[in-house]
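Notes follow once the structure below has been shown.
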Amino acid sequence: SLTRKLNEDNSMNMNFLLPDRYEGLNETAGNKDVTKIIVPVQSGIEKIEEYYEEIVSSGRGAFLILLGKSGSGKTTFLRTLSIFIKNVEVITISNDMNILEEISSLSKSKYSLRILIIEGRESILDMSNIEVTNAIQTINRFIRTDKGNNTLVVWPCNNQDIVDNLVETSRTVGGTSLLDYENTYFSFVGPDKSQFVYIAKQTVEFFNDGKTLLDFGVTDEVAGNCVEQSETIGEYLKLINRKVRKNKKYISDFLVKKRCNMWVLVLGLNEPSKDVEALTKGENLEADIQRLLISTDANIIQEVKKIPDQIALLSHYLDTKIIYIPIVDALSIIRNYANNDLKKIMKNQSMSLSADTSISERMKNMELVRMIQSDTKLMGKKGVTGSNSKSAFQKLLDISRKNDSLLNDAFGRALLENKYIEDYSTEVDFGEGLTRRTDLLCVKDGEEIRLEFMWRTKTSKAEIANYTLTKLYNYGKALEFIKN
């Protein structure tokens, strides 16, 4: 069923939105400001400004027939003119409204220019000749009145037949006062093809919480090739949508076999919180594959850079995150939840085993916990790190070189005992194509979260990027998603 399919998409992080018409754009946006992703069509804006000058100089309204292919962006252009021209009001008469009644009900606009769109009548089949004649007569009378003398009535069309009909009728009804003698209509071509990729990228990021085309497996090369196959921006967005849906189908076949999340936890003595921030995006701390790929030139990554679409697609659907763990948080967890074997090692290292009485409250504010709970409202608090804490953390790093599984186990116990997860285990195999062990496997609501720990004295963007990309590559091999 459709409901089951939607639930499956949600659970696999596979939702994708890319409206290709204004109606879908506006409806899908909800409370979001779509003006942020609208690009100007300069030739169209200049034509509207030309008509505005005519309206001002003549003291009466005007009528514009706008011819453009279906999907060229006519509605989007007209509905968003107020972004690019000051003091403009845009209203529409949809195809379920009576043109005569709607125009008759209009009062004088308080704006310098009113754009009145005759919408949903783009084809000769949409109206009879009598209806067209009555509509043109109504428009002609209205733009000559005080109520309509600052109104530009625009009739969008998608074929030449309706244009010819409108021109002929306008000539009969209003002569050259209603239409120019030569320029009887304006051919609207929409955004230039050179803008298609940019528009798609902006729209995808806007509607998909900052995720990029690459996150959905569409490289710049593929996006560019799609431009050559498209006549209009609407066709282009539909083609991109098909590419993404094909990618979703491709990877879902693998993830049905072995579904999990893969998160990298960064613990560094040099406190690399800014480096982690630079490699993630949004409140969900998702790995930014584009930034990761340009942040490292390690030899082992060269193979990864040959398949950026597969890596990005895998990262997106594995919900790959990079999470910074502050030193004070790590110390608190280890001191409170170390097992007997780890406590013995810590004691031999002369480390404090004093429990942190505020550990429960501290964990509530950890970014790791926030991500497990899917809570982006709470903000992780970075503790103040003193010299004693850094010295103690250095000893943890010494332990990690031989017994990192004991440290990772303490994190599992902390999450389990505070009821953030239902179960955990350390050093768990994953996949079939290549055997790899996950540092810490957690189970939350029946779903696997695989945590990979970076215990480091000093780390950097390049090393974090290298580590994350290598893990992704290995996961892809283990899933038999990446084959070479």
Side-chain angles (χ1 to χ4, degrees), residues 9 12-20 37 39 191-255 262 278-282 286-322 461-462 465-466 468-477 479-484:
D9 277 2
M12 298 180 71
N13 199 28
M14 297 177 72
N15 280 338
F16 177 72
L17 296 174
L18 182 58
D20 52 50
I37 59 172
V39 300
D192 189 83
K193 281 193 171 186
S194 63
Q195 294 181 298
F196 280 12
V197 175
Y198 172 80
I199 292 171
K201 285 183 174 181
Q202 292 295 105
T203 307
V204 167
E205 291 186 28
F206 181 81
F207 284 104
N208 297 279
D209 298 322
K211 294 181 179 67
T212 65
L213 272 178
L214 184 58
D215 289 327
F216 293 99
V218 179
T219 63
D220 286 349
E221 181 180 2
V222 170
N225 290 339
C226 289
V227 173
E228 302 306 315
Q229 304 171 45
S230 309
E231 287 296 319
T232 67
I233 184 61
E235 287 181 10
Y236 179 73
L237 294 176
K238 285 182 180 178
L239 185 54
I240 291 294
N241 206 321
R242 284 200 295 273
K243 295 285 185 185
V244 170
R245 284 188 280 114
K246 182 179 179 181
N247 289 342
K248 286 170 58 177
K249 173 71 168 59
Y250 177 59
I251 195 170
S252 65
D253 291 341
F254 290 91
L255 296 188
M262 196 274 281
L279 296 172
T280 56
K281 56 188 175 185
E286 294 165 347
D288 189 323
I289 296 301
Q290 288 179 319
R291 292 180 187 173
L292 291 173
L293 288 170
I294 64 174
S295 294
T296 176
D297 286 316
N299 290 334
I300 194 172
I301 298 303
Q302 298 311 308
E303 198 66 31
V304 172
K305 290 189 175 183
K306 294 177 183 178
I307 50 171
D309 51 342
Q310 293 184 57
I311 290 296
L313 195 60
L314 185 65
S315 174
H316 174 52
Y317 292 127
L318 290 181
D319 188 34
T320 304
K321 302 182 189 296
I322 307 175
K461 277 198 298 184
N466 180 53
T468 304
L469 290 171
T470 301
K471 286 291 182 182
L472 272 171
Y473 183 78
N474 289 335
Y475 270 61
K477 294 281 284 183
L479 279 168
E480 297 183 297
F481 175 71
I482 297 173
K483 299 178 180 179
N484 53 25

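Here the structure is a predicted model, which is why all the values come from computation and not from measurement.
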Pair Phe481 + Tyr475: ring centers closer than 6.0 Å: no
Close side-chain approach of [X] to [Y], heavy-atom, < 4.5 Å:
X: Leu213; Y: Asp220; result: no
X: Tyr236; Y: Val227; result: yes
X: Thr280; Y: Glu286; result: no
X: Ile301; Y: Leu292; result: no
X: Val244; Y: Leu18; result: no
X: Met262; Y: Asp319; result: no
X: Thr219; Y: Leu214; result: yes
X: Ile322; Y: Thr468; result: yes

Roughly how far apart are [X] [atom1] and [Y] [atom2], rounded to 0.5 Å?
X: Lys461; Y: Leu279; atom1: NZ; atom2: CG; answer: 6.5 Å
X: Leu293; Y: Ile311; atom1: CG; atom2: CD1; answer: 8.0 Å
X: Phe216; Y: Lys211; atom1: CZ; atom2: NZ; answer: 6.0 Å
X: Ile199; Y: Ile37; atom1: CD1; atom2: CD1; answer: 9.5 Å
X: Leu472; Y: Leu469; atom1: CG; atom2: CG; answer: 6.5 Å
X: Lys248; Y: Asn241; atom1: NZ; atom2: CG; answer: 8.0 Å

Main-chain N/O of Thr232 paired with Ser230 side-chain donor or acceptor, under 3.5 Å: no
Side chain Asn208, main chain Gly210, donor-acceptor under 3.5 Å: no
Presence of salt bridge, [Y] and [X], under 4.0 angstrom:
X: Lys281; Y: Asp209; result: no
X: Glu228; Y: Lys193; result: no
X: Asp309; Y: Lys243; result: no
X: Glu235; Y: Lys238; result: no

Residue pair Phe196, Ile240: steps toward the side chain to side chain contact (heavy atoms under 4.5 Å, CB included) verdict: CA-CA 11 Å; Phe196 280 12; Ile240 291 294; over 6 Å; no
Over 12 foreign heavy atoms within 6.0 Å of CD, Glu221: no
Crowding at NZ, Lys305 (>12 non-hydrogen neighbours, <6.0 Å): yes
Closest approach of Ile233 to Pro191 (non-hydrogen atoms, all atoms of both residues): CG2-CD, 4.0 Å
Least distance between heavy atoms, Leu17 atom then Pro19 atom: C-CD, 4.0 Å
Option among Leu239, Leu237, Val218 that satisfies the side-chain contact (heavy atoms from CB on, under 4.5 Å) test with Cys226: Leu239
